[in-house]
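Numbers here simply count residues along the sequence, with the first being 1.
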Amino acid sequence: MLKKESQKRLLFVLLLILLPIIIGFIFGLFVKIPTLYIISAFYALMLIFMIPSDVFSRSSLDYTIKTVNPTYKHELPKISGFENKNQLIDFLIVAVMFAICLLIVFLTTS
């Protein structure tokens, strides 16, 4: 039997995979858009919200500091994007599911 933390983690990963599919099928019943497009849109939206917030702002912040204080010594960059490996794994799972959806869309339309 799995530990309680492992069970919660497995449930979370299953929700990452299945929730957009279920919502896409339900939403597809009411809208005349192919269900796969809706599922892909949900995965894309999830990917956008899973990107760490400091990834894009770091370079512009350094530029602003250098323009105000030219003698500023640049510190070694500390990569803090994903706090732990679980966040990285979650991001990769959603990215792979999004890539699979796009591949299926590409194969069905061509």
Side-chain angles (χ1 to χ4, degrees):
M1 185 172 194
L2 295 173
K3 295 180 190 177
K4 191 161 190 123
E5 290 178 19
S6 297
Q7 289 176 346
K8 286 182 181 180
R9 181 80 188 130
L10 183 63
L11 178 65
F12 184 74
V13 169
L14 285 174
L15 284 175
L16 278 177
I17 295 171
L18 295 177
L19 199 61
I21 295 171
I22 294 169
I23 292 173
F25 278 117
I26 292 172
F27 195 75
L29 293 174
F30 300 109
V31 181
K32 294 186 179 187
I33 300 174
T35 307
L36 204 51
Y37 293 166
I38 299 169
I39 294 171
S40 298
F42 275 112
Y43 279 123
L45 195 66
M46 286 174 66
L47 272 179
I48 290 171
F49 285 114
M50 290 176 84
I51 295 175
S53 61
D54 65 339
V55 170
F56 299 115
S57 64
R58 180 166 302 171
S59 61
S60 64
L61 181 64
D62 286 344
Y63 177 74
T64 306
I65 291 172
K66 287 177 187 177
T67 56
V68 173
N69 184 5
T71 61
Y72 170 73
K73 298 238 182 205
H74 181 67
E75 297 176 5
L76 293 175
K78 178 182 159 189
I79 300 173
S80 64
F82 294 101
E83 297 296 325
N84 56 22
K85 68 177 182 176
N86 286 341
Q87 289 179 342
L88 180 62
I89 291 171
D90 296 342
F91 182 80
L92 290 176
I93 288 171
V94 173
V96 166
M97 292 301 294
F98 179 60
I100 290 171
C101 284
L102 289 181
L103 181 68
I104 294 171
V105 167
F106 176 72
L107 292 176
T108 57
T109 56
S110 59

Test side chain to side chain contact (heavy atoms under 4.5 Å, CB included) applied to Ile38 - qualifying residues, sequence neighbours left out: Phe27, Ile33, Phe42

To the nearest 0.5 Å, what is the distance between CD1 on Ile89 and CZ on Arg9? 6.0 Å

Between CG of Leu102 and OH of Tyr37, what distance do you get to the nearest 0.5 Å? 10.5 Å

Nearest 0.5 angstrom please: Leu88 CG to Ile93 CD1, how far? 10.0 Å

So, for Met50 and Val94, which heavy atoms are closest and what is the spacing to 0.1 Å? SD-CG2, 3.7 Å

Got a second to check how far Phe12's CZ is from Leu14's CG, nearest 0.5 Å? 11.0 Å

Looking at Val105 and Ser40, what are the two nearest heavy atoms and their distance? CG2-OG, 4.2 Å

In Å, rounded to the nearest 0.5 Å, how long is the span from CG of Leu15 to CG of Asp90? 11.0 Å

What's in the same ILVMFWY side-chain cluster as Phe106, cut-off under 4.5 Å, chained through other members? Leu103, Leu107

Here the pair of heavy atoms bringing Ile39 nearest to Gly24 is CG1-CA, 3.9 Å

With rounding to the nearest 0.5 Å, note down the distance linking CE in Met97 to CG in Leu18. 8.0 Å

Decide whether Ile51 and Leu45 are clustered together by the hydrophobic rule: side chain heavy atoms of Ile, Leu, Val, Met, Phe, Trp, Tyr closer than 4.5 Å, transitively. no

Just by modelled atom types, is the Ile21 backbone N or O under 3.5 Å from a matching donor or acceptor in the Tyr43 side chain? no

